[in-house]
Amino acid sequence: QVQVVESGGDSVQPGGSLRLSCTVSGLNFDEYAWGWFRSDPVKGREAVACIGWTGGSTYYAASVEGRFTISRDNAKKTMYLQMDSLKSEDTAMYYCAAETVYGDYCSATSGDYDNWGQGTQVTVSS
């Protein structure tokens, strides 16, 4: 049984930091690319960042480039999203998901992903 569990969401003030985790069981974590997506009622779902097999290939949305850092620990079957300099517009439910790939790359297209977690809420407000 595949389980994908996001954690680390919280309420923080603008300028603050959070570290999200995505812990996986039931599949071969290191055979997949992994992505972080976020969703809110106004903007819908958008890709935040993704990471290839080894971590050598990454993608960041322009809105988070330079503030967020994606990483993965294949031994722990866990992916991370370090979020710094948070802004109110980062408020959303954050999800992680797996992408079947055949090389060390990832895509920013949510339709390429499956095995979605339930999400973790990030709220940035003063």
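Reckoned from all heavy atoms, side chains included, excluding hydrogens, waters and symmetry mates.
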Do the non-hydrogen side-chain atoms of Val5 and Cys22 ever get within less than 4.5 Å of each other?
->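 Of all side-chain heavy-atom pairs linking Cys22 with Val5, none is under 4.5 Å.
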Decide if the gap between the ring center of Tyr59 and the ring center of Tyr105 is smaller than 6.0 angstrom.
->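 Tyr59 vs Tyr105: aromatic centres not under 6.0 Å.
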Hey, what do you get for CE (Met93) to CZ (Arg45), rounding to the nearest 0.5 Å?
->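 Between atom CE of Met93 and atom CZ of Arg45 there are 11.5 Å.
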Does any donor atom in the side chain of Ser107 or Glu99 lie under 3.5 Å from an acceptor atom in the other side chain?
->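 A donor-acceptor contact under 3.5 Å links the two side chains.
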Check: Thr109 side chain, Gly111 main-chain N or O, donor-acceptor pair, under 3.5 Å |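 Flag not set: sc Thr109 to bb Gly111 has no pair under 3.5 Å.
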Minimum-distance pair of heavy atoms, taken over all atoms of Ala61 and Ala47 |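 Taking every non-hydrogen atom into account, CB-O, 3.4 Å.
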Salt bridge (Lys or Arg N to Asp or Glu O under 4.0 Å) between Asp90 and Arg67: does it pass, once the steps are laid out?
-> CA-CA 11 Å; Asp90 296 317; Arg67 299 188 297 120; 2.7 Å; yes
Residues that Tyr95 engages under ring-ring contact (aromatic ring centres under 6.0 Å, His included), provided they are two or more places apart =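 By the ring-ring contact (aromatic ring centres under 6.0 Å, His included) rule, Tyr95 matches no residue at all.
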Are any side-chain N or O atoms of Ser21 and backbone N or O atoms of Tyr80, one a donor and one an acceptor, separated by less than 3.5 Å?
->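 Checked: no pair found.
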Is there a chain of hydrophobic side chains (I, L, V, M, F, W, Y, each step under 4.5 Å between heavy atoms) that links Val124 to Val64?
->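 Shared cluster, yes.
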Do Ser57 and Asp104 get their side chains close enough for a donor-acceptor pair, meaning under 3.5 Å?
->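 No, no side-chain donor-acceptor contact under 3.5 Å.
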Indicate yes or no for a side-chain donor-acceptor contact from Thr78 to the backbone of Lys76 under 3.5 Å, with no hydrogens or angles considered.
->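 Such a contact is found between Thr78 side chain and Lys76 backbone.
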Can you name the closest pair of heavy atoms from Val48 and Leu81 and give their distance?
->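 Looking at all heavy atoms of both residues, the shortest contact is CG1-CD2, 4.1 Å.
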List the atom of Ala49, the atom of Tyr60, and the distance in Å for their closest heavy-atom pair.
->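 That would be CB-CD2, 3.8 Å.
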Would you list the atom pairs, donor with acceptor, under 3.5 Å between side chains in residues 27-35 and any protein atom, with sequence neighbours excluded?
| residue | atom | partner | partner atom | Å |
| --- | --- | --- | --- | --- |
| Asn28 | ND2 | Glu31 | OE2 | 3.4 |
| Trp34 | NE1 | Phe29 | O | 3.1 |

Determine whether Gln82 and Leu18 make a side-chain contact, defined as any pair of heavy atoms from C-beta on separated by less than 4.5 Å.
->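 A side-chain contact is absent here, since even the closest heavy-atom pair is not under 4.5 Å.
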Got a second to check how far Met79's CE is from Asp73's CG, nearest 0.5 Å?
->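 Between atom CE of Met79 and atom CG of Asp73 there are 12.5 Å.
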Between Lys43 (side chain) and Glu89 (backbone), is there a donor-acceptor pair under 3.5 Å?
->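 Present.
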May I ask you to establish whether Arg72 and Trp36 are in a cation-pi arrangement, using a distance under 6.0 Å from NZ or CZ to the six-membered ring centre and at most 45° from the ring axis?
->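 Output no; distance or angle outside limits.
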Shortest non-hydrogen contact between Ala97 and Tyr113, atoms and distance |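 Looking at all heavy atoms of both residues, the closest pair is O-CD2, 3.4 Å.
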pair Ser63-Phe68: side-chain heavy atoms closer than 4.5 Å =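 Not touching, per the 4.5 Å side-chain cut-off.
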Which value, rounded to the nearest 0.5 Å, describes the distance between Glu46 atom CD and Ser110 atom OG?
->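 Separation between the atoms: 11.0 Å.
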Phe37 with Val122, same ILVMFWY side-chain cluster at under 4.5 Å |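 No, separate clusters.
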Separation between OG of Ser7 and CZ of Arg19, rounded to the nearest 0.5 Å |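 One gets 9.5 Å once the value is rounded to the nearest 0.5 Å.
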Where Thr91 and Gln121 come nearest, the two heavy atoms and their spacing =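 So the minimum-distance heavy-atom pair works out to CG2-NE2, 4.1 Å.
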Hey, is the main chain of Cys96 close enough, under 3.5 Å, to the side chain of Glu6 for a donor-acceptor pair?
->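 Yes.
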State the CE-CD1 distance between Met83 and Ile70, to the nearest 0.5 angstrom.
->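 CD1 of Ile70 is found 11.5 Å from CE of Met83.
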Looking at Arg38 and Ala92, what are the two nearest heavy atoms and their distance?
->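 Minimum heavy-atom separation between Arg38 and Ala92: CB-CB, 3.8 Å.
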Between Thr123 and Ser11, is there a donor-acceptor pair closer than 3.5 Å when you use the side chain of the first and the backbone of the second?
->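 It does not hold such a pair.
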